[in-house]
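What you are looking at is a predicted structure, and each value in this text was computed from that prediction instead of being measured.
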Amino acid sequence: MGRNVRILLVAAVALLMVSGSAVAAEKKPILIGTSVSLSGSYAASAKYGLEGYQLFVEQLNKRGGLLGRPVKLVYYDDRSDANTGVQLYEKLITADKVDLIVGPYSSGVTSAVSTVAEKHKMAMIGPEAADAKIYMRGYKYNFQGQTQAGRYMLGALALAKAHGYKTMAMLAEDTAFPKAVSEEVVKVVPEYGVKIVFNQTYPKGAADFSALLTKVKQLNPDIVFANSYLPDGQGIIRQSREQGVDAKMFAVAVGAAEPEFGNLGSTANYIFGATQWAANMKTKGNPEFVKAYKAMFGRNPDYHSAANYGAMQVLDAAVKQVGSLDQNKIAAAISKTEMDTVYGHFKVDGRGVQVGYASALLQWQNGKQVVVWPAAVAQGKAILPTPPWSQRK
Amino acid sequence: MKKYSLAVLAAGILFVAALPHFGSDYLVGFFFSTFIFVTVAYGWNLISGYTGYLSFGQMSFFGLGAYALAIAVFRYHLPWPVGVLAGGLLAAILAVPLGWLMLRLRGPYFALGMLGFVQILSTVSSAWSSFTGGGEGIYLPPTASLRPLYYAAAAMVFLGIGVTRAIERSAFGLRLQAIREDELAAEAMGVETTRLKLQAFVIASVFPAIAGGLYAWRLSYIDPSSAFPGNYEIQSILMTILGGAGTILGPLVGGLTLSVLSEVIWARFAELHLLLVGSLIILVLLFMPEGMIPLVRRFLARRRGRVPKTGMQEVRR
Amino acid sequence: MDFSIFLQLVVNGLLVGGVYGLMSLGINLVWGVMGVINLAHGDLIMAAGFLTFWIFTQWHVNPLLLLPAGMAMTFVVGMLSQRFLLGRLPQDRGAIKSSLLMTFGISYVVINLAQLLWGNEFQTVTYLAGSWTLGGLDFAKARTVAFLAAGVITTFLWLFLQYTNQGRAIRAVSQNRDGASVCGVDNGRIQIASFALGAGLAGAAGVLLVMIFAISPSMGSGYTIRSFAVTVIGGLGSFPGALCGAMILGLAEVFTGYMVSAQVANGVAFILFLVVLLVLPQGLSGMFRR
């Protein structure tokens, strides 16, 4: 039995050493911690976000770092799982002793992680949390760095109104963000003269939507909204075609904005998707951002890249303004910050809800994404109505 | 021998009690999650290690405990210890009809039947969104202090050791092991297998339920995928077989070993985590199927020049 | 419910059911012959699906042509697993338990290898868009092709088991292991052959599955349980039973999805499975055998 105790002691000593070794050289870097959904259903979008962080940190170090110290990004894979995210932020804060944190991908993970940030009194901008409810719980250290969910589908609704479409079917994954989008759409549709005839959710990881779509087909709505992420958004559109759901307009909340949506081939054409940013938008520093991003990663940024980059810009400004790593002061500074990032005009209200950032709408036309709304940034005109599937190649 | 184990126990309690006073938050957090796994492992050890009913469904009680805590705190504003205990009680109550139904199944039918039951509970929690929060989950207020949770988890581990020890030395425990070795023969000899199995099943259900409650309070967030974590099931099973299924200290020894290993692995080779856990399962089954405890016991006995004390493990060979 | 809707749901259910049938055949075979549940079955389905996706995106090969590649890969994995891992476990009273745990270990290894090779994201092969319309009903092209391919493979398997020496030997072992051994059947070899064959069937199912749905490396266990559920519903070792079970599961999922909710549809496999397990332990085929 003595062996058990010995194992215990060895374990304890080993762990103490690991946690103690953080004390290192003088000019040790400022650590910025985050979790990233490198695997799981959010992986495609989250990768763009991570690259946004990485680009900013790289540029910051070239400019001489933060407070005269170099900066290092520490991140782990949260597997698109809120529970893992919580454990990783605990680890980042208590074991890696990071100096600053930035938010993970998705409202679901951010929502769970926000309590960790709050508990440890660490200021956190959540650049991928569109669900504004997260910021309505009286938290003091959490700030929304993404357009509110309620604004995602406004472009699609505006087009629907302009074309006189009346009925809508809505499908949503039953997690924080997609449900928030659905709730907000339900609130505003009367203003657009649209009636919701179908509104159902499906569990995360669902792959077969044929039963739901059979029902949608029967109701024959003018508009179909898929409040989804990438894999389920693709599944819903592909299976809409298989089940012959001939709506006049299809719009996807997240997913259609990713280049990977184009894997659907001709099926992707005419599909609308919310986007919060586009490479040609005239936000501050946008062309330089796009150029640097392409040079570093060899691909075009998407809106997640820009949102995460923007969050870093705000954090950087706040830390510089405070002149130290005092989390209380940083949180106070962020809450008062009003600045133009590559992503748009950043401004949060007293609760931390984002009120500055706006949303745009793109459409897949001939295998390419074309921004069609609002007029100020449109690259082309929306093509409506969507032709019936039977007449398409 | 008795004095010796008493001293070990005292040292163990002292270490566990003192840890938060000299260890970092991270270390306390590490031991908390290890204790959660070990608690689940003690439950599994009772039903699968001693009684021989391989269960892949202990997570159903874990999830029940997690939801009981979340709902007690969030909807009824009860203090968290009440929520944790309520979870344990609910699990024991649910285990009676469930065990009555499931324990009629044998071998893989029971194992996968229990796995199916986890999926059903997960479906219920996802579909009954007005009560459980559905896929969005339930957010709890952030927990201020880890210490009470840590001590509660440690207490569960000691309870697990105590209960297992008491059972192993009782007539009840011997009958359970008789069921494991040959259920038909045990029945023929007049062992009331149905009642005994059910009792073991109920006791085994309380451990994961309490662990689930503590875990949910620590996480301060619960949704279907975090309440029924499949990897917890596998980790706790691996811990038990690594330490020695059907032994008193197996879950603890296996749990500490695996936790330290996976903390080191997790830090260095995060992308190889599953590969390493999977390979470890395979290696243990091939080269150390009885686990560490029987190996150590035999080694010590040989060094003292004594014949090893034969437990049921050895009889089986 | 409109009658045409009813028929459409039946079509959708049966088309998915065909693939479920193929998914479950491997589990059924291995279980029948060896008394082992291969918990890595779903992960092999997943791995073959990813192989298909990978080759398809690289070279745009028709995914149906990749059936042999997917089957070969999982066949070899199965053969090696049985030869070097499962076959070495002690054949004592704990054999069922240790083999279950062993296949679980294999499952973790397969998942991790797939992640390393093909990444962690959801992927699908967009082969054949849209549907054929026949008598007012929509037959989704990809699903119909997968259904037909599953039917062809199932038929070949049946012919193999019925009319070849190897197949007869497998059936003999599954009916009476000791008896077959007495008649000169090499038990160890048959076990390797059937485990590999079971894995190969998982591979075939994976190739077809990725043509219909998005898959991700961590989704394998769901397919394992579905395959097991089909086997339990239909009855162990029964060919028509398994196909019946698969169709029932396909229909049940589609109809609960339509009438109740997608959440319940997701869990209906397990509900059916437990009900059948507790009420009809021999599965549907047991009802007729009696």
Heavy-atom distances under 4.5 Å only: say whether [X] touches chain C with side chain, backbone, both or neither.
X	answer
A/S266	neither
A/K217	side chain
A/T267	side chain

Per-residue contact mode, [X] against chain A (heavy atom under 4.5 angstrom):
X	value
C/Q263	both
C/V125	backbone
C/L137	neither
C/S4	neither
C/Y127	backbone

**Report entry** Between A/S45 and A/E258: side-chain donor-acceptor atoms closer than 3.5 Å
**Finding:**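 Yes, a side-chain donor-acceptor pair sits under 3.5 Å.
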Report task. Please confirm whether A/K91 makes a cation-pi placement over A/Y76, using NZ or CZ under 6.0 Å from the six-membered ring centre and within 45° of the ring normal. Result ->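 Judged by the rule, A/K91 and A/Y76 form a cation-pi pair.
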Query raised in the report: Could you go step by step and tell me if A/Q369 and A/L362 meet the side chain to side chain contact (heavy atoms under 4.5 Å, CB included) rule?
Result: CA-CA 6 Å; A/Q369 296 170 321; A/L362 60 76; 4.2 Å; yes
Query raised in the report: Would A/Q218 and C/Y258 satisfy side chain to side chain contact (heavy atoms under 4.5 Å, CB included), going step by step from the backbone distance to the final call?
Result: CA-CA 11 Å; A/Q218 204 179 355; C/Y258 182 86; 2.3 Å; yes
Report summary line: Most contact-rich option vs chain C, by heavy-atom pairs under 4.5 angstrom, among A/R392, A/Q239, A/R238, A/Q200, is A/R238
Query raised in the report: Roughly how far, to the nearest 0.5 Å, is the CG atom of C/L272 from the CG atom of C/L277?
Result: 11.5 Å
Query raised in the report: Taking the six-membered ring for Trp, are C/F228 and C/F273 ring centroids under 6.0 Å apart?
Result: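 Yes, ring centres under 6.0 Å apart.
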Report task. Taking only Lys NZ, Arg NE, NH1 and NH2, and the carboxylate oxygens of Asp or Glu, determine whether A/E173 and A/K179 approach each other closer than 4.0 Å. Result ->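 Looking at A/E173 and A/K179, the cut-off is not met.
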